[in-house]
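Working notes, structure below.
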Amino acid sequence: MRKYQPKRAALIVIDVAIVVLAILLTIIVVGYLSNYRIIMTLLLCLFWLAAILFSAVLLPAYFSRTVIYISPTDISMKTGIVYVKRHHMKADAIQYASTITTFLSKYTGLNFVILRAMGGTMVLPFLGLNDVREIEELMRAKP
């Protein structure tokens, strides 16, 4: 049984994207709402509070609690922040497996494996490129 976890590089990329988005929203709000100080201040506090909450609390908790187990017979994924969600799929039930790799996926970790079976879909998120290739080979080798 192999154990996989999301790649930390994906967390860093998402955190940087959130900070860049917060900076862009700050520039837009300051440019358009500089005459309305109270509304501008409230919006800036809201944007930065959301950015800090997602970057420092929610996303690291999600990445640390997500675990994927793959054996020759079963695939299981445990994830969640507030509550734990478990997905379980029999390996012989998988009808279709696809992979999504993004630009510079070797460095960013923004790779996904989508497993489809009759009546269900399981998405294995934010895996390293070597993990995606290994899972792809496991799915290809199954009887």
Side-chain angles (χ1 to χ4, degrees), residues 1-71 74-142:
M1 178 176 284
R2 290 272 310 171
K3 177 181 175 181
Y4 299 96
Q5 287 189 302
K7 191 173 179 184
R8 289 287 176 193
L11 176 63
I12 294 168
V13 168
I14 294 171
D15 285 346
V16 168
I18 288 173
V19 170
V20 167
L21 180 66
I23 290 170
L24 289 174
L25 288 173
T26 300
I27 291 169
I28 291 170
V29 166
V30 169
Y32 286 108
L33 297 176
S34 60
N35 293 334
Y36 306 102
R37 292 266 187 225
I38 295 174
I39 295 173
M40 180 185 72
T41 305
L42 288 174
L43 283 175
L44 290 177
C45 289
L46 179 70
F47 293 152
W48 284 100
L49 183 65
I52 291 170
L53 179 69
F54 275 94
S55 299
V57 178
L58 294 176
L59 287 174
Y62 174 79
F63 273 69
S64 67
R65 292 184 182 188
T66 300
V67 180
I68 301 161
Y69 297 101
I70 297 180
S71 72
D74 297 319
I75 299 168
S76 299
M77 182 173 72
K78 184 178 88 170
T79 187
I81 297 172
V82 177
Y83 61 92
V84 176
K85 185 168 51 172
R86 289 179 175 87
H87 296 277
H88 182 77
M89 188 178 285
K90 294 284 185 186
D92 58 352
I94 295 173
Q95 296 175 339
Y96 181 73
S98 60
T99 59
I100 298 174
T101 56
T102 57
F103 179 68
L104 295 175
S105 62
K106 181 178 180 181
Y107 305 109
T108 61
L110 297 175
N111 304 306
F112 304 89
V113 176
I114 301 171
L115 304 172
R116 297 184 194 269
M118 186 66 98
T121 301
M122 183 184 289
V123 178
L124 309 178
F126 305 116
L127 296 168
L129 190 58
N130 292 335
D131 294 341
V132 168
R133 289 183 180 148
E134 187 175 318
I135 292 170
E136 198 174 36
E137 288 300 318
L138 285 171
M139 295 300 114
R140 198 174 289 142
K142 79 174 189 71

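- Under the rule for a side chain to side chain contact (heavy atoms under 4.5 Å, CB included), the partners of Phe112 that lie at least two apart in sequence or sit in another chain are Ile100, Val123, Pro125, Phe126.
- A salt bridge does not link Glu136 with Arg133: none of the charged nitrogens is closer than 4.0 Å to a carboxylate oxygen.
- Looking at heavy atoms from C-beta onward, Arg8 lies in side-chain contact with Ser64 at the 4.5 angstrom threshold.
- Shortest non-hydrogen contact noted between Val84 and Lys78 is CG1-CG, 3.4 Å.
- Between Leu129 and Thr101, the shortest heavy-atom distance links the atoms CD1-CG2, 3.9 Å.
- The two residues Phe63 and Pro6 come nearest to each other via the heavy atoms CD2-CB, 3.5 Å.
- Looking at Asp74 and Lys90, their side chains come closer than 4.5 Å, going by heavy atoms from C-beta outward.
- Here the side chains of Tyr62 and Thr79 are in contact, with some heavy-atom distance below 4.5 Å.
- Proximity of Ile68 to Asp131: side-chain heavy atoms (C-beta onward) are nowhere separated by under 4.5 Å.
- At least one donor-acceptor pair closer than 3.5 Å links the side chain of Lys7 to the backbone N or O of Lys106.
- Taking 4.5 Å as the limit, every side-chain heavy atom of Ile75 sits out of range of all side-chain heavy atoms of Ile135.
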| request: Tell me, with the steps shown, if Tyr4 and Leu124 meet side-chain contact (heavy atoms from CB on, under 4.5 Å). | output: CA-CA 9 Å; Tyr4 299 96; Leu124 309 178; over 6 Å; no
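- Met122 contributes atom CE, which lies 4.5 Å from atom CE of Met89 (distance to the nearest 0.5 angstrom).
- Side chain of Ser55 to backbone of Ile52: no donor-acceptor contact under 3.5 angstrom is found.
- Closest non-hydrogen pair, His88 versus Ser76, comes out as ND1-OG, 2.9 Å.
- Side-chain contact between Leu11 and Asp15: present, with at least one pair of heavy atoms (C-beta onward) separated by less than 4.5 Å.
- Nearest heavy atoms, Thr102 versus Asn111: N-OD1, 3.9 Å.
- Annotation for Ala10 and Gly109: closest pair CB-O, 3.6 Å, computed over non-hydrogen atoms.
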| task | Check the pair Leu25 / Leu43 against side-chain contact (heavy atoms from CB on, under 4.5 Å), numbers first and verdict last. | result | CA-CA 9 Å; Leu25 288 173; Leu43 283 175; over 6 Å; no
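- Leu46 CG to Leu49 CG: the interatomic distance, rounded to the nearest 0.5 Å, is 7.0 Å.
- Atom CE of Met1 has more than 12 neighbouring heavy atoms from other residues, nucleotides or ligands inside a 6.0 Å radius.
- Under the 3.5 Å distance criterion, the side-chain polar atoms of Arg2 are left unmatched by any main-chain donor or acceptor of Ile70.
- For the atom pair Met40 CE and Cys45 SG, the distance stands at 10.0 Å (nearest 0.5 Å).
- Trp48 has its side chain within reach of Ile23: a pair of non-hydrogen atoms, C-beta onward, lies under 4.5 Å apart.
- A heavy-atom distance below 4.5 Å is found between the side chains of Val20 and Leu24.
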